[in-house]
Amino acid sequence: MSLPNHRSWAEPFKIKVVELLKQTTREYREKAAREAGYNTFLLKSKDVYIDLLTDSGTAAMSDYQWAGMMLGDEAYAGSENFYHLESQMRKYYGYKYLVPTHQGRGAEHLISRVMIKPGDFIPGNMYFTTTRLHQELAGGSFVDVIIDEAHEPESTHPFKGNVDLQKLEDLIREVGAMKIPYISVAATVNMAGGQPISMENLKQVRELSSKHGIKVVLDAARAVENAYFIKVREKCFQDRSIASILKEMCSYTDTCSMSAKKDLLVNIGGFLATNDEDVFEEVRNLVVVYEGLHTYGGLAGRDMEAMARGMDEMVDLDHIHARVGQVEYVGSRLLNEGIPIVVPIGGHAVFLNAKKFLPNLKQLEFPAQTLAAELYLESGIRGMERGIVSAGRDPETGDHKRPKLELTRLTIPRRVYTQAHMDVVAESVLAVHERREKASGLRMTYEPKYLRFFQARFEKLT
Ligand code: P61
């Protein structure tokens, strides 16, 4: 991906502090993987070489952010850093009201509690694990209204995060607008492979929802990455700044939930922002029950300062070009070698198509979980399952949900690894691919009730 009149990207920073990496032997990793029940979430970080588990809370902060940490105003109430964060949120996202939370799911919890009644339906452009669980715990049911292409790893649709307006209309007709408090729109769509929604589609979602009195709630965790894709893929936006695209996206929504651990380049934090006074009033009241006072929401003052400063850096074109460019670099290397991955390459991660990578395994032998384990065994690189284990069980029938996408996610933390690390990642995936016939599947031996993928344990099938 290249921008008009733009050189190929390089990291727009230089490195001031380094953290040493440790390499281990295959024998060591075999023991570590067995002890972790072949679940990469249960590995100890010290046993990992290149950690591509997540881009959440794993960014390297800048010297400007670290300097801000020293300016933390750790007062219980009315911290100066809250007011800075509030003004930065208004500047970049444009909502009126801000409620900080400890991370994204804190905001999801509050939104779900305040906006959903038992028996409601919440349409969305593909599920996200924590988002859907909070909707269900509030008595709602999630309904997938993303375009069909999003479920096809090989479809090259440039905006696979788009909402299928027909599916949304059908749902409104079927259950009635009164039972749909809001549509949940993610930008980008994590589970589809970090795929963006177009501005045009978002605008249409807004129009259709408004017509029926339905609110729009944006999951803005990676909205800056989405803004970048709009700039490079949606013709009329090529001369617009990332900041102005981001603000326009938010203008078609009423409320957002935010995991600041992504775009905002911090290690912890989140918030909820809204234009809706009633929602604000109720959330501001509830936040003191579950998170903390409304001017800190579970965060230290220094964390809010790092978030506020991260906003200035996230919209810098060189930053976002290099961030998405690094993901594209490793994805393209894999594509050139014929490795099955989700295309177009997404904003935060490369998603291996485990169904195609390990075609001998049935879905209940957990191909994506197996592939994540095999990659760790090969090279100490840690990815994450995003398939049947992540999808969980149907709350009504108790059966496994069987998602069409059975993916292993290699997630690139922001500003952490170099291009040489990405080369090692590509080489390691190739090595696993070469001996893919030898991989045997897994059997689940322990299954927690909620968000099972975090703590489930497996044994190798022999
Ligand atoms: C991740 F395996 N994402 O991608 P919180 N919305 C979106 C997210 O990506 C997100 C949250 C809300 C994580 C961490 C994680 O199944 C998992 O700040 C689009 O993590 O509470 C988080 O924000 C929630 C990993 C979350 C998972 C759930 O790695």
Side-chain angles (χ1 to χ4, degrees), residues 39-43 45 51-59 100-112 122 124-137 142 146 150 161 184-197 217-226 253 255-273 290-291 297-299 303 307 310 327 346-351 368-369 372 382-392 401 403 405 407-414 416 448 450-456:
N39 183 349
T40 52
F41 279 106
L42 299 178
L43 287 168
S45 141
D51 201 346
L52 306 186
L53 182 70
T54 180
D55 64 331
S56 181
T58 53
T101 58
H102 75 284
Q103 59 183 80
R105 69 199 73 178
E108 291 171 344
H109 173 216
L110 298 177
I111 288 175
S112 302
I122 304 91
N125 55 348
M126 201 172 273
Y127 86 99
F128 187 69
T129 53
T130 55
T131 322
R132 184 178 64 191
L133 180 59
H134 281 296
Q135 292 165 352
E136 289 172 353
L137 291 173
F142 171 81
I146 202 165
S184 174
V185 178
T188 57
V189 181
N190 193 346
M191 303 299 281
Q195 305 295 330
I197 178 170
V217 175
L218 177 70
D219 181 330
R222 299 182 184 86
V224 175
E225 288 163 15
N226 200 114
T253 71
T255 296
C256 88
S257 63
M258 169 61 91
S259 170
K261 301 169 75 171
K262 283 80 169 175
D263 276 349
L264 269 57
L265 300 156
V266 293
N267 303 127
I268 192 69
F271 61 78
L272 178 159
Y290 293 105
E291 302 278 321
L299 296 168
D303 298 327
M307 285 162 64
V327 179
H348 67 303
V350 171
F351 288 72
Q369 189 82 34
R382 165 156 76 168
M384 178 197 292
E385 196 267 3
R386 294 282 80 168
I388 189 168
V389 184
S390 296
K401 290 189 168 145
L405 296 174
L407 310 173
T408 303
R409 189 180 79 172
L410 306 178
T411 337
I412 317 296
R414 296 167 185 78
V416 171
Y450 297 121
L451 304 175
R452 63 183 183 175
F453 52 88
F454 281 133
Q455 291 153 342

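As the structure is a computational prediction, the values presented were derived from the model and not from experiment. As a basis for the values below, the full set of heavy atoms in this structure was taken, side chains included, without hydrogen atoms, waters or symmetry mates. Note that ligands are numbered from 1 as they come in the structure, with each ligand's atoms numbered from 1 the same way.
- Taking 4.0 Å as the cut-off between side-chain N and carboxylate O, Arg414 and Asp55 count as a salt-bridged pair.
- If you check which protein heavy atom lies closest to atom 28 (C) of ligand 1, you get Thr129 OG1, 3.2 Å.
- Looking only at heavy atoms of the protein, atom 12 (C) of ligand 1 is closest to Glu108 OE2, 3.1 Å.
- An N or O contact shorter than 3.5 Å is missing between Gly269 and ligand 1 by distance.
- Looking only at heavy atoms of the protein, atom 24 (C) of ligand 1 is closest to Thr130 OG1, 3.6 Å.
- Listed by atom number, the atoms of ligand 1 under 4.0 Å from Phe454 heavy atoms are 2 (F), 17 (C), 27 (C), 28 (C).
- The contact set between ligand 1 and Phe41, taken as ligand atoms under 4.0 Å from a residue heavy atom, comprises 2 (F).
- Among the atoms of Gln103, some N or O lies under 3.5 angstrom from an N or O of ligand 1.
- Using a 30° and 60° split on the angle between ring planes, Phe454 and Phe41 fall in the perpendicular class, above 60°.
- Atom CG of Asp51 and atom CG of Leu410 lie 11.5 Å apart (nearest 0.5 Å).
- Asp219 OD2, 3.2 Å is the protein heavy atom nearest to atom 19 (C) of ligand 1.
- The nearest protein atom to atom 11 (C) of ligand 1, hydrogens excluded, is given as Phe128 CE2, 3.5 Å; this is a heavy-atom distance.
- Under 4.0 angstrom from ligand 1, the non-hydrogen atoms of Arg386 all belong to its side chain.
- Looking only at side-chain heavy atoms (C-beta outward), Leu110 and Tyr290 come within less than 4.5 Å of each other.
- A donor-acceptor pair under 3.5 Å is absent between the side-chain atoms of Asp219 and the main chain of Val185, judged by distance alone.
- Contacts of Lys261 with ligand 1, taken as heavy-atom pairs under 4.0 Å, involve the side chain alone.
- For ligand 1, the polar-atom distance check against Asp55 finds no nitrogen or oxygen pair separated by under 3.5 Å.
- Remark: the backbone N or O of His102 is paired with a side-chain donor or acceptor of Glu291 at under 3.5 angstrom.
- Nearest approach of Thr101 to Leu299, heavy atoms of both residues: O-CD1, 3.4 Å.
- Nearest protein heavy-atom neighbour of atom 20 (O) of ligand 1: Arg105 NH2, 2.9 Å.
- Under a 3.5 Å cut-off, the side chain of Glu385 and the backbone N or O of Gly387 do form a donor-acceptor pair.
- From His348, atom NE2 reaches atom NZ of Lys262 across 8.5 Å, with rounding to the nearest 0.5 Å.
- Of all the atoms in ligand 1, the ones that sit under 4.0 Å from a non-hydrogen atom of Thr54 are 1 (C), 29 (O).
- The backbone N or O of Ile268 sits nowhere less than 3.5 Å from a side-chain atom of Asp303 that would complete a donor-acceptor pair.
- Only the side chain of Arg409 comes within 4.0 Å of ligand 1, counting heavy atoms alone; its backbone N, CA, C and O stay farther away.
- A distance-only check finds no donor-acceptor pair linking the side chain of Arg222 to the backbone of Gly347 [under 3.5 Å].
- Protein heavy atom in closest approach to atom 18 (O) of ligand 1: Ser259 OG, 2.6 Å.
- Put simply, no part of His348 is less than 4.0 Å from ligand 1, judged by heavy atoms.
- At the shortest separation from atom 3 (N) of ligand 1 among protein heavy atoms lies Lys262 NZ, 2.8 Å.
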